[in-house]
Participant: 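So that we are looking at the same thing, I have put the structure below in structure tokens.
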There are 2 protein chains.
Amino acid sequence: MMLAITFVNRRFFRYYDAARKYLDNPLEWLCNLKVTIEDVAREANVSAMTVSRALRSPEKVSTKTREKIRAVVDRLGYVPDPAASALAAGRTNVIGVIVPSVTNNVFADVMLGIYEQSEGSKWQIQLGNSRYSPLEEERLVRTFLSQKPAGLIITGQDQSKATADMLKSANCRIVQIMECGPDPYDMMIGFSHLDASRAATRHLLKSGYRNPGVLMARLDPRSQRRLEGYKIEAKNAGVYDTRRIVTTARPSSVTLGGELVADLLSKAPDTDAILCNNDDLALGAMFECQRRALAIPDEIGICGFNDLEMMAAANPSITSVRTHRLDMGRASMKILIDALNGKEPVEPVQDLGFEIMARQSTGRKTD
Amino acid sequence: MMLAITFVNRRFFRYYDAARKYLDNPLEWLCNLKVTIEDVAREANVSAMTVSRALRSPEKVSTKTREKIRAVVDRLGYVPDPAASALAAGRTNVIGVIVPSVTNNVFADVMLGIYEQSEGSKWQIQLGNSRYSPLEEERLVRTFLSQKPAGLIITGQDQSKATADMLKSANCRIVQIMECGPDPYDMMIGFSHLDASRAATRHLLKSGYRNPGVLMARLDPRSQRRLEGYKIEAKNAGVYDTRRIVTTARPSSVTLGGELVADLLSKAPDTDAILCNNDDLALGAMFECQRRALAIPDEIGICGFNDLEMMAAANPSITSVRTHRLDMGRASMKILIDALNGKEPVEPVQDLGFEIMARQSTGRKTD
DNA sequence: CCATCAAATGATAGCGCTAACACGATGATG
DNA sequence: CATCATCGTGTTAGCGCTATCATTTGATGG
């Protein structure tokens, strides 16, 4: 009885307080009356706790009660308040994803894989865009961690010291993507940019090109490693020449590809192959070579990086290094969800590799 | 005194409870001790409420107190708990953004504009990807609204009835983007897809093409309107012919552009111009025409839609309909933030228009 | 020096939910 | 038949913050 009175009082004052705000608009009041877990509990003749359990861990509630509650939930259109839930439980179902760009096709594909894998699960993706800025990344990590996320997917391994410290002591699971290396914070899914770029350079050399140059836009850490790979193989082959290294801090684009080719050919007119930082540059490079009536692949070879869909469709089709972007997204989400479900990964660092897609643009007739 | 004891008790039990969980790892316990607003309040010799005010509405706190608090906040590394804040205040700083695709360059640009405009503000972007599914969109809207967002940016005007009902009675500001039309839920920033497509079709006709065809992938509502625009102008000019309308439900890609051209030319070999649903298709169409040695623009004209950066860089450069994607993002975020700050928009529906970018691919020598 | 009022600050009471424990009912066990 | 584990459910006590109103402080003018 005492309980009933307390309960009625609580409801009464809640409605009373709410009502006062809508004295001039009773209709709006009615519309905004929020359905809480207690409303469901009352209608179903159970306690709020049982409703909570029925929704979060149904196996702990008898089938009969569960179905009764489900029916009331549907009838009243109850939706749990995530803020209250997070506050009470001390954690959320949020998985934060931090990428350096949303415009870039590469990350768009990774995101797609992540979304795809999270489908149907209880985990909520929250996307953060660091725009290649370590400071912005730091801010994002701080913001995400304050939300007590279940997990974090973050791009690369070149975080600032402050970010790294936060991540190391973070109370959630972490997956680094896009790269492979030693000392992960927790888990890691990616591939070796250095090896990929070395393989691409070797492909050019094997195809009979003697003076390969390289175009690099926006030197983020992964591009740097790719450039390093080119240098190693160029030196190995004894064809290293700084004139043939064209870099810029500008973000890559098709137009930029054309401009960089122009730059490269003016500095080193004997260049006979171009390794591009990514496929946008490669496409731009191809268009520019066509405008200059340089025959691809005989006079000049072109190789991109990432193997976006358009590379195979281009005319001529363009050689590129296929990276498993969708798989990286899927795998990172999968390993994270598994870990959250208590299934520790056998191998916390996974190298998904790459593949050289040799096409017309590097198909020089060998002598 | 009473207060002090209560306070000490509270702290004590908090620490005691926390401690029990870390009996086997005291170090971890120390690391995880969360700094709360009360810790800051105690250190700064003010009440929790004053700390809260100092952070959320600094102008309500004296300069001296504010600075003292700021110093303590920095020293302790206090970060407010957004869940607690949301629960107590009944609202959040979250702005939900719902787009049908994250892979698509078009939306990537819009997102970029949105992010850009939100920079430095207190508003938090949260991205939802409906993947062109009205049901998924409904789920997203429900989820977002349960988080009591400050605002919502949603793509288009073709929501399901349930979604529309939720949005109409939602307790937050709403901006629809990418389209312009009557009866917005609240505010609207976009352009007329019908008009844009009519203008593009007229451009082809004016350029001397007599038998323009059209390629359409993934018939979302906006594509439908674009198709409608083509039909109107084709009929106006008396050149309407269903053989020249090639559509597919598959998502667009460069490769698909090539395939659809093949389809179009086999059905209607006399086609002399191709209006493409988007730039990916246009690029693929161009490559396919080049493979078939069809001279662009003399034998066949090509026009894209959206004017992605690569259209100008292509060889030949490709005519396209420039849409102001970045501006749409920026404008939608701006009008939303203004509204949230109490600055009602003068014009709740804004048409940002479009621009026909005539280039080589439709530059037929007129007779 | 005090009344008056605005500005600054504090005390109180939740926001809606869940962890942790309590408790009763049920069935299994010796 | 007492004993004990197990299951399903209820009770209690917050999670960390802010709305609201009460109170204090300081500035101003008579």
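So you know, we letter chains A, B, ... as the sequences are listed, proteins then strands, and number each from 1. Here the structure is a predicted model, which is why all the values come from computation and not from measurement.
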Participant: Determine yes or no for a side-chain-to-main-chain donor-acceptor pair under 3.5 angstrom, with B:Ser160 supplying the side chain and B:Thr163 the backbone.
Facilitator: yes
Participant: How many Å lie between NZ on B:Lys148 and P on C:dC15, as a whole number?
Facilitator: 11 Å
Participant: Is A:Ser146 reaching over with its side chain to a backbone N or O of B:Asp81, donor-acceptor style, under 3.5 angstrom?
Facilitator: no
Participant: Starting at NZ of A:Lys34 and ending at C1' of C:dG14, how long is that distance when rounded to a whole Å?
Facilitator: 15 Å
Participant: If we ignore angles and hydrogens, is there a donor and acceptor under 3.5 Å between the side chains of B:Thr65 and B:Ser62?
Facilitator: yes
Participant: Looking only at side-chain atoms of A:Arg56, point me to the closest of D:dT18, C:dT18, C:dC17.
Facilitator: C:dT18
Participant: So, the side chain of B:Asp39 versus the backbone of B:Thr36: is there a donor-acceptor pair under 3.5 Å, distance only?
Facilitator: yes
Participant: Judged by atom type as modelled, is there a donor-acceptor pair below 3.5 Å linking the side chain of B:Arg131 to the main-chain atoms of B:Pro100?
Facilitator: no
Participant: Looking at B:Pro58, is its backbone amide N or carbonyl O close enough to the side chain of B:Arg66 to form a donor-acceptor pair, meaning the two atoms are under 3.5 Å apart?
Facilitator: yes
Participant: Given D:dC17, is OP1 or OP2 found less than 4.0 Å from the side-chain N or O atoms of B:Ser52?
Facilitator: no
Participant: Rounded to whole angstroms, how far apart are CE on B:Met49 and P on D:dT24?
Facilitator: 18 Å
Participant: Is it the case that the side chain of B:Ser121 and the backbone of B:Gln117 share a donor-acceptor pair, with hydrogens and angles ignored and the cut-off at 3.5 Å?
Facilitator: no
Participant: For A:Arg91 and C:dA19, is the shortest distance between a side-chain N/O and OP1 or OP2 below 4.0 Å?
Facilitator: yes
Participant: Whole Å only: how far is the CG atom of A:Asn93 from the P atom of C:dC17?
Facilitator: 15 Å
Participant: Judged by atom type as modelled, is there a donor-acceptor pair below 3.5 Å linking the side chain of B:Glu38 to the main-chain atoms of B:Val35?
Facilitator: no
Participant: At what angle, to 10 degrees, do the two end axes of the helix from C:dC1-D:dG30 to C:dG30-D:dC1 meet, given five pairs define each axis?
Facilitator: 40°
Participant: If I take atom CD1 in residue B:Ile37 and atom C1' in nucleotide C:dT12, what distance separates them, rounded to the nearest angstrom?
Facilitator: 15 Å
Participant: Could you state the CG-C1' distance from A:Asp39 to C:dC15, rounded to the nearest angstrom?
Facilitator: 14 Å
Participant: Check whether any side-chain N or O of A:Gln176 sits under 3.5 Å from a backbone N or O of A:Tyr185 as a donor-acceptor pair, and report yes or no.
Facilitator: yes
Participant: Where along residues 74-89 of chain A does a heavy atom come under 4.0 Å from DNA chain D, residue by residue in number order?
Facilitator: A:Leu87, A:Ala88
Participant: Please determine which of A:Met333, A:Met187, A:Arg173 meets the side-chain contact (heavy atoms from CB on, under 4.5 Å) test together with A:Ile153.
Facilitator: A:Met333
Participant: Using nucleotides 7-9 of chain C, report all nitrogen or oxygen pairs with the protein that are shorter than 3.5 Å.
Facilitator:
| residue | atom | partner | partner atom | Å |
| --- | --- | --- | --- | --- |
| C:dT9 | OP1 | B:Ser62 | OG | 3.1 |
| C:dT9 | OP1 | B:Thr65 | OG1 | 2.4 |
| C:dT9 | OP2 | B:Ser62 | N | 3.0 |

Participant: Is the number of heavy atoms from other residues, nucleotides or ligands under 6.0 Å of B:Lys334 NZ greater than 12?
Facilitator: no
